[in-house]
Novice: 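Let me begin by handing over the structure; questions about it come next.
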Amino acid sequence: MATEIPKQYDPAAAQSKWAVYWDEQGVFASSPNANKKPYTIVIPPPNVTGALHLGHALDDTLQDILIRHKRMAGFETLWVPGVDHAGIATQAVVERRLFEEEKKTRHDIGRDALVKRIWDWKEQYQERIIRQLKNIGCSCDWSRTRFTLDPQCAKAVRHFFYKLFAENLVYRGKRLVNWDTFLQTAVSDDEVFHAAVQGSFWYIKYPVVNPKPNEPTHVIVATTRPETMLGDTAVAVHPEPRKALDNIEKELFAELEKASPKDRDGIELELNALRQRRTEMLPQLEQLAAMARDRRTLSLPLTSREIPLLCDEWAKPEKGTGCVKITPAHDPNDYEVGLRQKLEMINIMNKDGTLNDNGGAYTGLTMQAARKRIVDDLDTAGLLAKVEEREIELAHSDRSKTAIEPFLNDQWFVRMTQLAQNAIDAVNPAAAAQPGEKTDKINIFPPRYTKGYVDWLSEKRDWPIGRQLWWGHRIPIWYCKDASEAELKTAFANRTDVTWRWDDEQQQWWICSEEDDLAADAVKGHKIVQEEDVLDTWFSSALWPLSTLGWPNETPDLQYYYPTSVLVTSRDIITLWVARMVIAGLFNKGVKPFSEVFIHPKILDKYGEGMSKSKGNGVDPLSVVLKYGADALRFSLAFLTTENQDVRLPVDFECPHCQAVIELTKKNRTLPSMECPKCKKKFRTQLAEKPDDKALPEAAVVGERFEVARNFCNKLWNASRFVLMSLGETDEQYDDGIRDTSTLLLEDKWILSRLATVTQQVTDGINSYRFSEVARAIYDFAWDDYCSFYVEMVKYRLGNAELRTTAERVLLFVLDNILRLLHPITPFLTEEVWHRLGEVRPKRGLREQVAASECIALAAWPIADKNAVDVEIEQRFAVFQQVLRAVREIRASRNVPPKTDINFAVKCDDVTKKLLEPMSPYFRSMAGANAAGFGQDVAVPTLASMLPLDGMEVIVDLSGLIDVDAERNKKEKEIAKLAELVKAKESKLTGSFIEKAPASVVEAERKSLESLKEQLSVSRVALEQLINTGNC
RNA sequence: GGGCGGUUAGCUCAGUUGGUUAGAGCACUAGCUCGACAAGCUAGGGGUCACAGGUUCGAGUCCCGUACCGCCCACCA
């Protein structure tokens, strides 16, 4: 029966089988259990903008490793799955698609139709995302799947907003916002990126009104955005340009003193420019400052407006012309100046990016078109002094990729001063962070990420929470113009879930309701109108640990599972998301939302770029699963997770027809289908959406790093196959045999000692998020110790009736433990083998929680047996390994045919002799070498190869096999190397090393020198013997 | 401009509090179809640990500086 086990692990079969099994058995379902400690993770909800890529797969694999480990370790584990509506991002992709496919904008189809399309999109991608998670083996409690826009989350959102409003922590005000003219919404600073574009620097002349004699007739300002001049309400000059220049010069001198010779030239250049500016421009700037104090005005070109020339320190005399135009409604810095100088703020733009009525002759043009016309008109009027070509860093919307226009708009904000401070106080300083530490504070790992979190919060910038979108949580505010407070009181008499505040600026009531049920006639005789804007996506994400557990209701879930145990995510949303969850958790519940935060590396593609949906370089984890299986994918990802900030994971396509590897390039990575250059047949990629493409066979994604893991899975599969085929029939509890140490041989004790060490390493490693170390430790143990040594040695014992029973027990015991240690990383493979073992040995012990016939996902996590750790045993075993390696090396280097047995002896002391003698059968079975003898006075054959080791000499009889010249050559090289080492060590041991280094280190070095010397003399004797042999 | 990473074998990366002759996988070379596994087995070659200085008996590891690569934040009329 056992021989039916295939030679290769079949991941697809195991995946479909066990995914269904776990689901049917309710293995991942969780509910509050007073007898167990909770261990909770909420998934960072992926955006429904698109499918998951390998970056998500890493995030989710790590969480699953933690969850599966804790589940086995006896915790009541809950992993809450879900997806995020991702307001702007999702609306943007749907809008973009609408435009590409139907050339329509959202205004063409209207709010309801657009929202319906987005819901369709959401359903499609949520389904796909959940399928991806399931297929890579995530052990979430699927019955609890949440969506940030579902009724429960909506309730939490309204409650949060209400609480903030009631405590006067939200306000509405005119603010300069980043306006996305494509999406027609404000976006936060965090949703803006800067990119260099080719632009120009225009110098424009503003005529002075009624210039006096000796006064300049024009003031020249430089700008990259001439069209905004229509909104200018002043031109500023520095009040004390001389003093300002003096200060800068002073600073430069100070810098020059400290500067390295290399930097000096640059500073000198700056100084020169400054001096030149002083002579050429300072007199005029001082004159202008004087004019400004004199309240002189300028005539704003192309308009009939007069604007003041004024003094403000924002005008830097060292930059541009030293004068700067002030456009408060369209520039963040000018806005500040405008507030300071109480300037009029003239908004010249409509929400769609065209000029409004304030644009005069240019009304209706886009900002772009207006720029051209304005420059032309200025030129015609002789008011364009000069134009410089130059590269400008321009703000772009992260969502629509279009240029941002600073825009004055009404906006809702959350006051951050106190909230941010609380969130700062909630984290442990980086230096104090220890995994698993019992503390009220949050620990961030790796600790270096703590700084960014604290720094960002320290700015305490108010959070703009409104978005002019249709996809999201509508702000629960209703406006009422003309009711009296008494009327409001009457209308909401018995309601504790409605509150209001008077908006002085707009002369209206703000009515905030916690329940989404305010009718238009809720206030008798008055119309109330709900705010059109929706909330920033992060507003609902901030509540994720709360809303997924039932908040604002004090549910049993919330009481049991909150705060969650750890949050696992990547570094780019530490501020946007992690910080805001902390804020929301503390504010709403008074308790941090999670105890630890683990930040894992980002996955980069072969070009070193982070994977993202918008770039199109995201690789579908299922394309990897298709080729290598989910276990291999997961193992690779765990293996990659070092403390580094990024990991590179290059992949290519594999043609499903001819298996040719097709390089994945920036060009073809966005294609839904392509043709194989080799076999000329077509195939689809993960991006296929149209029926034609979907009908094609799918290309898998291949990468070297996955092969390593796939090979490992297969290795373990085959080791298990060997064990399954070797086990005899018995009904015993194999672990009883382990506890009876009297029958254990050296190799048994050795592998049990190693197992105990590795068990501890793996347990500690998972608890402290050192995933790479964990994967490496099991990999090395399973492959090198278990397969290469233990299994090989056991082969001999299985054929020996007396030695068989213990060997079988240990063999099985260790495999059983490897499987359990590995289960969090490779769940399908281990579950498959576990059940097969269950058929042969249903009564395996060590199962506190479940019977052997049940699944490994619920089996007990191995506990390291400290008593089994035996350093001396490991050292003794290492001697055996050394000798075996030496014999093999001699065999290999002398090209002894594999079927030819050789004879060997080891010259050694009595202790070693006693150790090696029982190992004779293994030298035979593992190296084809017959032991001729061990001990002080073994006979040395006339033709022998001798290899000196630490305190021993391995002698292989090569009569009839040896090439004397080659042997001599080898020996000479060896002697030279040894002599060099001896020399180095001798000189080390004559220096002050002896006095200053700790005695134990010195002693170790002495011993090492002795050993080297001995090896050297052995080699010299061997060489001499060779020469003699060669001569006769 | 501020902050944070990185630089170790041809490639991708490990390297705990400084301590014998710096490791792994892939690739490469030679030999193996020996009953778990060719996705494998055995052996081998390959590194002045980016550069320069310092601390130390001793530095890949600690300190200072330089160069290059990358990320984040802020700003640039």
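Just so it is clear: chains get the letters A, B, ... in the order the sequence lines come, proteins before strands, and each one is counted from 1.
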Novice: Please name the residue in the list A:Phe923, A:Tyr790, A:Tyr922 that meets the ring pair (Phe, Tyr, Trp, His ring centres under 6.0 Å) test with A:Tyr796.
Specialist: A:Tyr922
Novice: State whether the distance check finds a donor on one side and an acceptor on the other, under 3.5 Å, for side chain A:Glu707 versus base B:rA39.
Specialist: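 No pair found.
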Novice: Is the terminal nitrogen or CZ of A:Lys795 (NZ for Lys, CZ for Arg) located under 6.0 angstrom from the six-membered ring centre of A:Phe722 and within 45° of that ring's axis?
Specialist: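 Yes, cation above the ring, under 6.0 Å and within 45°.
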Novice: May I have the distance from A:Phe789 (atom CZ) to B:rC41 (atom P), rounded to whole angstrom?
Specialist: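 Nearest whole value for this atom pair: 12 Å.
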Novice: Under 4.0 Å between any heavy atoms, over every strand shown, what does A:Trp783 touch: base, sugar-phosphate, or nothing? Just pick one.
Specialist: sugar-phosphate
Novice: Which base, if any, makes a Watson-Crick or G-U wobble pair with B:rA43, both distances under 3.5 Å?
Specialist: B:rU29
Novice: With a 3.5 angstrom cut-off on both distances, give the Watson-Crick or G-U wobble partner of B:rA38, or none if there isn't one.
Specialist: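 Checking every strand shown, B:rA38 finds no partner, since no pair has both distances under 3.5 Å.
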Novice: Take atom C1' in B:rA9 and the same atom in B:rG45, then report the distance between them in whole Å.
Specialist: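 To the nearest whole Å, 11 Å.
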Novice: Is A:Arg461 near enough to B:rA74 that one of its side-chain N or O atoms lies under 4.0 angstrom from OP1 or OP2?
Specialist: yes
Novice: For A:Tyr449 and A:Tyr453: C-alpha separation, side-chain torsions, deciding distance, then whether ring pair (Phe, Tyr, Trp, His ring centres under 6.0 Å) applies.
Specialist: CA-CA 7 Å; A:Tyr449 290 113; A:Tyr453 169 96; over 10 Å; no
Novice: Under 4.0 Å: is that the gap between some side-chain N or O of A:Asn644 and OP1 or OP2 of B:rA14?
Specialist: yes
Novice: Does A:Glu792 get its side chain close enough to the base of B:rA36, under 3.5 Å, for a donor-acceptor pair?
Specialist: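 Donor-acceptor pair under 3.5 Å: yes.
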Novice: Closest heavy-atom contact between A:Leu815 and A:Ser720?
Specialist: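 Where A:Leu815 meets A:Ser720 most closely, the heavy atoms are CD1-OG, 3.8 Å.
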Novice: Please tell me which of A:Lys7 and A:Gly322 maps to the more 5' nucleotide of RNA chain B, matching each residue to the nucleotide holding its nearest heavy atom.
Specialist: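 Nearest-nucleotide comparison on RNA chain B picks A:Lys7.
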Novice: Under a 3.5 Å cut-off for both distances, is B:rA24 Watson-Crick or wobble paired, and to whom?
Specialist: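 Its partner is B:rU12.
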Novice: RNA chain B: A:Phe722 or A:Arg710, which has the more 5' nearest nucleotide?
Specialist: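 The answer here is A:Phe722.
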Novice: According to a strict under-4.0 Å criterion, is A:Asn711 in side-chain N/O contact with OP1 or OP2 of B:rG40?
Specialist: yes
Novice: Could you check whether A:Lys602 gets within reach of a base, just the sugar-phosphate, or nothing at all, counting any heavy atom under 4.0 Å?
Specialist: nothing
Novice: Does a nitrogen or oxygen in the side chain of A:Ser772 sit under 4.0 Å from OP1 or OP2 of B:rA14?
Specialist: no
Novice: Tell which nucleotide pairs with B:rG70, taking only Watson-Crick or G-U wobble pairs whose two distances are both under 3.5 angstrom.
Specialist: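 For B:rG70, the partner nucleotide comes out as B:rC4, under the 3.5 Å rule.
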Novice: Answer with yes or no whether A:Lys715 presents, from its side chain, a donor or acceptor under 3.5 Å of a partner atom in the base of B:rC37.
Specialist: yes
Novice: Could you check whether A:Arg885 gets within reach of a base, just the sugar-phosphate, or nothing at all, counting any heavy atom under 4.0 Å?
Specialist: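 Sugar-phosphate contact only.
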Novice: Regarding A:Ser720, tell me which of base, sugar-phosphate or nothing describes its non-hydrogen contacts under 4.0 Å with the strands shown.
Specialist: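 The residue A:Ser720 makes no contact with any strand.
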Novice: Using atom CD of A:Glu889 as one end and atom P of B:rU42 as the other, report the distance to the nearest whole Å.
Specialist: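 Roughly 14 Å, once rounded to whole Å.
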Novice: Please pick, from B:rA36, B:rA39, B:rG25, the nucleotide with the shortest atom-to-atom distance to any side-chain atom of A:Val708.
Specialist: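 Among the listed nucleotides, the one closest to the side chain of A:Val708 is B:rG25.
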Novice: What contact category does A:Glu318 fall into here, base, sugar-phosphate, or nothing, at under 4.0 angstrom with non-hydrogen atoms?
Specialist: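 Answer is nothing: A:Glu318 stays at 4.0 Å or more from every strand.
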